[in-house]
> 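Supplied in structure tokens, the structure appears directly below.
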Amino acid sequence: MAFVMAAAASAVGLGNLWRFPYLAAKYGGGIFLAVYAILAVTVGFALMTVEIAIGRRTKLSPPDAFRSVSRKWEFVGWLGMAVPTVILAYYNVIGGWIVKYLAFYARRLLCEESAAAAMDAGRAQAVFDGFVSGGSLQPFACGAVFAGCTAILVLLGVKRGIERSSKILMPLLLLLCVAVAAISLSQPGAGAGVKYYLKPDFAAVSWKTVVWALGQVFFSLSLAMGIMITYGSYMHRNESIPKCVLRIEFFDALVAVLAGLIVIPPVFAFLGEEGLKEQGPGLMFVALPVVFSRMTLFGFGIGDLAGLLFFALAFFAAVTSSVSVMETVVSSLRDRTGMRRTPAGLAVTAYMFALLLPVSMCYAKDGPMAGISISEMPLLDFMDFISNNIMMPVCAFCTCIFAGWAVGPGWIYAETRHGGTPLPFARAFAFMVKYAAPVAIIVIFAACILKELEVVSM
Ligand code: PHE
């Protein structure tokens, strides 16, 4: 159970909160949900099983796991370590933004004066812009708080830090999800938003529904980031991999669906379809604050409370994901060099802080670190692009080829035999790993590139 909680804690992240609802609203409502569910239990299931089995069979984190099988495939392991290394450099910055909003709502709630200040779109945008591009060191300071929390949990170790925190934070997160969804659904006009979210909309379905759903399945399940290999290496042989995978997927999808109920109905009711045009930071830090400021319950303004609860939820989701990213880098470093947890953890913490400064200031308008960009993308966007759109598809593809063709599905299958339930549908699984998953990954990769080249829109 501890393994399921820790892996689910990694899977439930910002992707569930700021991307899934947006994609569902845009690409077919109920149909998107159905497509997502089908892809999660087929291709997503296969790839997650592969990663966990590689980790558990070798008992090593990515670089050494692949190296222990064959030196020729070692590069896939390095890729599996490189992805979290890049993510680590910018995820703390986004975590810092959440810390800032958490503090912002706590202050509003405590000081009545500021609670009265309503938010319109212009003001919400100005607050966010003032924070990220104002040029003060605030984004760095908030990022440091977030990175510090991540580092403490990783330094405490797998049992005392990662497993224990996820055992506490995941149920709490679910509770918060239900509470905030209840507030959202109690708002006037919410019914129309629920309908908009869940009603199958055939007109909005296209090939993009499948492609973005699949991309979301991979991202949301923390695949192709070396994470599930690392967590798999800590998993006991007496646990059943297929059962655990299904539980992780269920928890992840549950939070994603609830997040849709939190976000879509009030945004739809207060801002209309227009309000759902943005995903990511635009949704979380601009549209939602506007929506929160208009929330009432029995005539009382409850926006600040809703905001506080929502950003607490986002904080838990983000910190447990970032812990899994850092743990993968620390564990890879330890396996490779034989270092102990504390020095390896401190080395990775130093790396995180060194990069936090330039990345957190990359949107600033002035100051010595202001506006650092690579090929016209702010540093943060560039790292996000490289890791999500280039490195992860390559890593996922190579992992499939490794499992399907180098060691063969039987190698994976044998590992799933330990712990009770062996993998059902062995032939279908082999087909998934050898053919369906690699082809699907190539299609996502191509779609991402075409989107970046602005040949297709998203
Ligand atoms: N599954 C995570 C999410 O949905 C993905 C992720 C994990 C991203 C770890 C970054 C770090 O957000």
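Each ligand, and each atom within it, is numbered from 1 in the order the structure gives.
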> Quiz question: by atom type and distance under 3.5 Å, do the side chains of E273 and Y196 form a donor-acceptor pair?
yes
> Which of the listed options, Q216, M225, R19, holds the heavy atom that is closest to atom 6 (C) of ligand 1?
M225
> If you measure from the Lys or Arg side-chain nitrogens to the Asp or Glu carboxylate oxygens, is any gap between R341 and E327 under 4.0 Å?
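A salt bridge links R341 with E327.
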> With rounding to the nearest 0.5 Å, note down the distance linking CD1 in I441 to CE in M392.
10.5 Å
> Pairs under 3.5 angstrom only: tabulate donor-acceptor contacts from the side chains of residues 147-157 to other protein residues two or more places apart or in another chain.
from: T150; atom 1: OG1; to: F146; atom 2: O; distance (Å): 3.0
from: T150; atom 1: OG1; to: S322; atom 2: OG; distance (Å): 2.8

> Students should be able to answer this: which protein heavy-atom is nearest to atom 11 (C) of ligand 1, and at what distance?
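Atom 11 (C) of ligand 1 sits closest to the protein heavy atom V325 CG2, 3.1 Å.
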> Among W18, Y90, F219, F20, which residue places a heavy atom closest to atom 8 (C) of ligand 1?
F219
> Does CZ belonging to F75 count more than 12 external heavy atoms closer than 6.0 Å?
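More than 12 within 6.0 Å, yes.
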> Y101 vs F128 aromatic rings, parallel, tilted or perpendicular, using cut-offs 30° and 60°?
tilted
> Looking only at N/O atoms, are S321 and ligand 1 under 3.5 Å apart anywhere?
no
> Does L221 reach ligand 1 with a nitrogen or oxygen that is under 3.5 Å from one of the ligand's nitrogen or oxygen atoms?
no
> List every atom of ligand 1 that sits less than 4.0 Å from any heavy atom of N16, numbering the atoms from 1 in the order shown and giving each element.
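Per the distance check, 4 (O).
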> Starting from atom 10 (C) of ligand 1, locate the nearest protein heavy atom and write down its residue, its atom name and how far away it is, to 0.1 Å.
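Of every protein heavy atom, Y91 CE1, 3.4 Å lies nearest to atom 10 (C) of ligand 1.
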> Can you tell me the protein heavy atom closest to atom 1 (N) of ligand 1 and the distance?
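Residue, atom and distance for the closest contact: A11 O, 2.8 Å.
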> Please state which part of S10 comes within less than 4.0 Å of ligand 1, counting heavy atoms only: side chain, backbone, both or neither.
backbone
